[in-house]
Amino acid sequence: QVQLVESGGGLVQAGGSVRLSCAASGRSAMAWFRQAPGKEREFVAAVNLSGSQTYYADSVKGRFTISKDNVQNTVYLQMNSLKPEDTAVYYCAARKVQLGLSSLTYYMERTYDYWGQGTQVTVSS
């Protein structure tokens with residue numbers, strides 16, 4: 001069992017920045033997903049166990065950066081150049097260690113086992 005606690009959400013103006021944090025009770029590959037009202041939850045970014053590989057949705061490439069601190073068991077999502085369409089509840093996710101999985105699985109919501117409570121990010125124009 002891995003417990004995840006997100007923090008750092010809030011109200012930000014378009015073009016601004018915010019940094020989300022997710023504290024975990026153990027080490028894991030981790031990811032961020034988001035869900036806007038009336039829409040399906042979508043992948044945002046992911047990082048592998050060691051933090052050496054990262055993955056991003058096309059919509060956030062060049063603007064968001066995911067990183068991992070394996071000493072403090074914390075994953076971060078640095079969000080820059082925010083747009084109103086980034087408004088959503090952001091969820092931190094983690095999954096059990098499984099060797100040999102394709103890198104494509106990092107994009108797949110169904111491969112994650114643990115989820116945080118979510119933190120709201122609202123971007124105003």
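What you see is a predicted model; the values in this text were computed from it and never measured. Hydrogens, waters and symmetry mates play no part in the numbers below; they use all other heavy atoms, side chains included.
No continuous path of ILVMFWY side-chain contacts below 4.5 Å connects Val89 to Val44, so the two sit in separate hydrophobic clusters. Hydrophobic clustering of Ile, Leu, Val, Met, Phe, Trp and Tyr side chains at less than 4.5 Å, counting indirect connections, unites Tyr56 with Leu20. Clustering ILVMFWY residues whenever any of their side-chain heavy atoms sit less than 4.5 angstrom apart, transitively, puts Val60 in the very cluster that holds Leu82. In the hydrophobic clustering of this structure, Val75 groups with Val18; members are Ile, Leu, Val, Met, Phe, Trp, Tyr whose side-chain heavy atoms approach within less than 4.5 Å, directly or through other members.
Nearest heavy-atom pair, Ala14 versus Ser125, reported as atom, atom and distance to 0.1 Å: CB-CA, 4.2 Å. Closest of all the heavy-atom pairs between Gln117 and Val5 is OE1-CA, 3.8 Å. Scanning all heavy atoms of the two residues, the minimum distance from Thr122 to Gln120 falls at OG1-NE2, 3.3 Å. Shown here for Ser17 and Asn80, the closest heavy-atom pair between the two residues is OG-OD1, 2.8 Å. Between Ala24 and Leu4, the shortest heavy-atom contact is CB-CD2, 3.6 Å. Of all heavy-atom pairs spanning Cys22 and Met30, the tightest one is SG-CE, 3.8 Å.
Proximity of the aromatic rings of Phe33 and Trp115 is defined here by a centroid distance below 6.0 angstrom, and this criterion is met.
Formation of a donor-acceptor pair under 3.5 Å by the Glu6 side chain with backbone atoms of Cys92 is found in this model. The backbone N or O of Gln53 sits less than 3.5 Å from a side-chain atom of Asn48, completing a donor-acceptor pair. Remark: side-chain polar atoms of Thr74 are paired, donor with acceptor, to backbone N or O of Gln72 under 3.5 angstrom. Judged purely by atom type and a 3.5 angstrom limit, Asn73 has no side-chain atom pairing as donor or acceptor with the backbone of Ala23. Side-chain N or O atoms of Ser25 include one that pairs as donor or acceptor with a backbone N or O of Gln3 at under 3.5 Å.
Atom OG1 of Thr119 and atom OH of Tyr91 lie 10.0 Å apart (nearest 0.5 Å). With rounding to the nearest 0.5 Å, the separation of OG1 in Thr111 from OH in Tyr106 is 9.0 Å.
Atom CD of Glu42 sits in a crowded spot, with more than 12 heavy atoms from other residues, nucleotides or ligands closer than 6.0 Å. Other residues, nucleotides and ligands contribute more than 12 heavy atoms inside 6.0 Å of the CD atom of Glu85. No more than 12 heavy-atom neighbours from other residues, nucleotides or ligands sit within 6.0 angstrom of CD on Gln13.
A heavy-atom distance below 4.5 Å is found between the side chains of Arg34 and Ser59. When side chains are defined from C-beta on, Leu49 counts as touching Arg27, because their heavy atoms get closer than 4.5 Å. For the pair Phe43/Glu109, no side-chain contact is recorded, criterion being any heavy-atom separation below 4.5 Å from C-beta on.
Cation-pi geometry between Arg95 and Tyr114 is not met: the NZ or CZ atom fails to fall both under 6.0 Å from the ring centre and inside 45° of the normal. Note that Arg19 lies in the cation-pi zone of Tyr76, set by a 6.0 Å cut-off to the ring centre and a 45° limit from the axis.
Salt-bridge check for Lys61 with Asp58: passed, with a basic side-chain N closer than 4.0 Å to an acidic carboxylate O.
Aromatic ring pairs are classed by plane angle as parallel below 30°, tilted from 30° to 60° and perpendicular above 60°; the pair Tyr55 and Tyr107 is perpendicular.
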- [ ] May I have the step-by-step check of side chain to side chain contact (heavy atoms under 4.5 Å, CB included) for Met79 and Val121, ending in yes or no?
- [x] CA-CA 10 Å; Met79 304 190 293; Val121 174; 3.9 Å; yes

